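A, B, ... follow the sequence lines: proteins, then strands. Residue 1 opens every chain. Nothing here was measured: the structure is a model prediction, and the numbers come from that model.
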Amino acid sequence: MSENSTTETSNFIRNIINDDLKNNKNDGRVHTRFPPEPNGYLHIGHAKSICLNFGIAQDYQGGICNLRFDDTNPDKENVEYSDSIQNDVKWLGFDWEDRLYFSSDYFEKLFEFAQQLIRDGKAYVDNLSADEIREYRGALTKPGKESPHRSRSVEENLDLFDRMRAGEFNEGECLLRAKIDMASPNMNMRDPAVYRIKKASHHRTGDEWCIYPMYDYTHCVSDALEGITHSLCTLEFEDHRPLYDWFLDQLPIECHPQQIEFARLNLSYTVTSKRKLNELVVEGQVSSWDDPRLPTIVGMRRRGYTPEAMRDFCSRIGVTKTDTIIDVGVLENCVREDLDKRTRRVLAVLDPLKVVIENYPEGETELLDAPYHPNDPDMGQRQLPFSNILYIEQSDFMEEPPKKFFRLGPGREVRLRYAYFITCTDVIKNDAGEVIELRCTYDPETKGGNAPDGRKVKGTMHWVSAEHALKTEVRLYDRLFNDAKPDSNKHEQDWKSFLNPDSMTILDNAYLEPSLIDAKSEDIYQFERTGYFCVDNKDSLDGKPIFNRTVTLRDSWAKLNK
RNA sequence: UGGGGUAUGGCCAAGUUGGUUAAGGCACAUGGUUUUGAUCCAUGCAUUCCGAGGUUCGAGUCCUCGUACCCCAGCCA
């Protein structure tokens, strides 16, 4: 046991493991697994599980974590998903080394174990229809009743089961059931299905099988075959634990992992259910699984979230059995914190307002030094071209500024970052009365941004030289939903009515400082005063990087105005 | 009394076998630094742990009775 993680706070699962270790359970081994079904893309909720499972393996001496695909339902699974899942886990920073497994690898073994159950009188082939089985199952407060086929002989069951495998029956015609207790208060114990017929070809086993094992049976056996010590899953499987244990108790397997359930992640202003995410994608509410507004790993990656930030988030939210909704602000804080220290700052005007410096020589250009990070000289610097025609942010000018506004206004003086002080002398409007251009003068003495006479200005603004600027597209993303709990069961029906119509704003008229021409896919920058932006990994072109806003900067000015 | 769970500040969450003033993060508030109204720094933020009783010298931690919320009737995982 080693406690080499400084950030991890204790949680009930680690406490259990610590106790197990103290008691020398499992010979001191710690072996977990992350068991996704390859039927969709991974999202932030999976990241919690990945960080938990792989994190525990990392933190305990000799601990290991497997990646195992729970691929027992060929109708829903495919290689696209399994490939993307592997990519995402790697990208998040975890390594399963040579321990990549698939439940389908155990199909033969699983089949033999099922025969064993039959031989032991613990399983039988049933011919009831799906509807009948539902009827026979009873209800929450009413016991079920036994199937008329429950007492078939071992020989008959064995024969029937072989013929199921041989494809002699149609889907739904029969299935293998565990013989447990039709009156159990736990519905999962009322003779659950073990094998069903599916004449579907499987993404790994092809047409080798036409019967497929069910989750409850497959999962515990797979865990045991892999020597898992702690099988971590989400709360909804709590009721399945007796079944998990039951199967392993019946079968001749030494290893009996301990299933421990924890609460799944819920994030405010978003949805984290595969079904809902899939619906958004299929209906075109978002562009695809990697739409930057989605909480999928690929979407967040495209948005500019880093693996470090996501892992930090997962460690901050903790692991408990309490059903909670984490404020998405925690996530945003994690990226900001990570990006603050790792990104270069650049100047980018998103919503341009033209400024003409009347006393600056027309046609002249000078280069001004600008560090890439104000608090980290190691990041180096670049030079910004300055000329007499600039763009500043529309929102940095107000014709009739309120008291606390200390940006530009008629007659006001402000600093252009790393450049000069300028004073607004004239405001030019179009016929509609909109401000379309500002006339200003600059003070040559203030080059670099300081006045030799010691005079101060309240505002410092970002800017870009019109002639030198890189014009490109910038996408502003905001939360996908307007409601904090679109995912709560109060909104099972109308959750999509909370979709935020302004979750994406495309700016095709943004002007960036010229150095950004070299920005590479997935590079992330801080656009000073506006936020963190990531080069889109899909739509960017050579010489035309397209930027996605990851998250805004904290803005106490905006907060003041609310 | 179907069964299984959970309840600690606005949101999360530590609180090992009951023992001083109930960690920490996010959010919020206030002050300081600042050529990003950013960052950073400092300070504040639960006489109280779902409620009511009880045991005890002492309870968030034990007992009793309640209350609220979540999960379960797929041949999904």
Practice task
Could you please name the partner base of rG74(B), counting Watson-Crick and G-U wobble pairs only when both distances are under 3.5 Å?
Solution key: none
Practice task
For rG74(B), take OP1 and OP2 only and decide whether either is under 4.0 Å from a side-chain N or O of Arg137(A).
Solution key: yes
Problem - Nearest-angstrom distance, P atom, rG10(B) to rU48(B) - result: 13 Å
Exercise for the section: Taking only the side-chain nitrogens and oxygens of Lys198(A), find out if one of them lies under 4.0 Å from OP1 or OP2 of rC76(B). Expected result: yes
Practice task
Compare every heavy atom of Pro444(A) with every heavy atom of Tyr420(A), then report the nearest pair and how far apart it is.
Solution key: CE2-O, 3.7 Å
Problem - Arg204(A)/Asp71(A) ion pair, N-O < 4.0 Å - result: no
Problem - Presence of Arg316(A) side-chain N/O under 4.0 Å of rG24(B) phosphate oxygens OP1/OP2 - result: no
Handout entry: Short side-chain N/O contact to rC28(B) OP1/OP2 from Lys559(A), under 4.0 Å
Key = yes
Exercise for the section: Quickly work out the Leu235(A) CG to rU6(B) C1' distance and round it to whole Å. Expected result: 8 Å
Exercise for the section: Would you indicate, yes or no, if rC12(B) has its OP1 or OP2 atom less than 4.0 angstrom from a side-chain nitrogen or oxygen of Asn266(A)? Expected result: no
Practice task
Could you say whether the aromatic ring of Tyr215(A) and the base of rA77(B) stack, counting only centre distances under 5.5 Å and plane angles under 30°?
Solution key: no
Exercise for the section: Determine: side-chain N/O of Thr322(A) to OP1/OP2 of rC70(B), distance under 4.0 Å, yes or no. Expected result: no
Handout entry: Distance test, side-chain N/O of Asn375(A) to OP1/OP2 of rA38(B), below 4.0 Å
Key = no
Practice task
Decide yes or no, distance alone: a donor-acceptor N/O pair under 3.5 angstrom between the base of rG3(B) and the side-chain of Asp239(A).
Solution key: yes
Handout entry: Salt bridge Arg554(A)-Glu337(A), side-chain N to carboxylate O under 4.0 Å
Key = no
Practice task
Please state the P separation for the pair rG5(B) and rC26(B) - nearest whole angstrom.
Solution key: 34 Å
Practice task
Examine rA77(B): is either OP1 or OP2 under 4.0 Å from a nitrogen or oxygen in the side chain of Arg275(A)? Give yes or no.
Solution key: no
Handout entry: C1' gap between rU17(B) and rG53(B), integer Å
Key = 26 Å
Practice task
Report yes if a side-chain nitrogen or oxygen of Lys456(A) is closer than 4.0 Å to either non-bridging phosphate oxygen (OP1 or OP2) of rU34(B); otherwise report no.
Solution key: no
Exercise for the section: Would you please confirm or rule out a distance under 4.0 Å between OP1 or OP2 of rA38(B) and any side-chain N or O of Arg336(A)? Expected result: no
Handout entry: Pair partner, rA68(B) [Watson-Crick or wobble, under 3.5 Å]
Key = rU6(B)
Handout entry: Nearest-Å distance once atom P is located in both rG60(B) and rC71(B)
Key = 32 Å
Practice task
Give, ordered by number, those residues of residues 187-196 of chain A having at least one heavy-atom distance below 4.0 Å to an atom of RNA chain B; if nothing qualifies, reply none.
Solution key: Met187(A), Ala193(A), Arg196(A)
Fill in the blank from the handout: Against the side chain of Thr460(A), the closest entry in rG4(B), rU36(B), rA13(B) is rU36(B)
Problem - Syn or anti conformation of rG74(B), syn meaning chi within 90° of 0 - result: syn
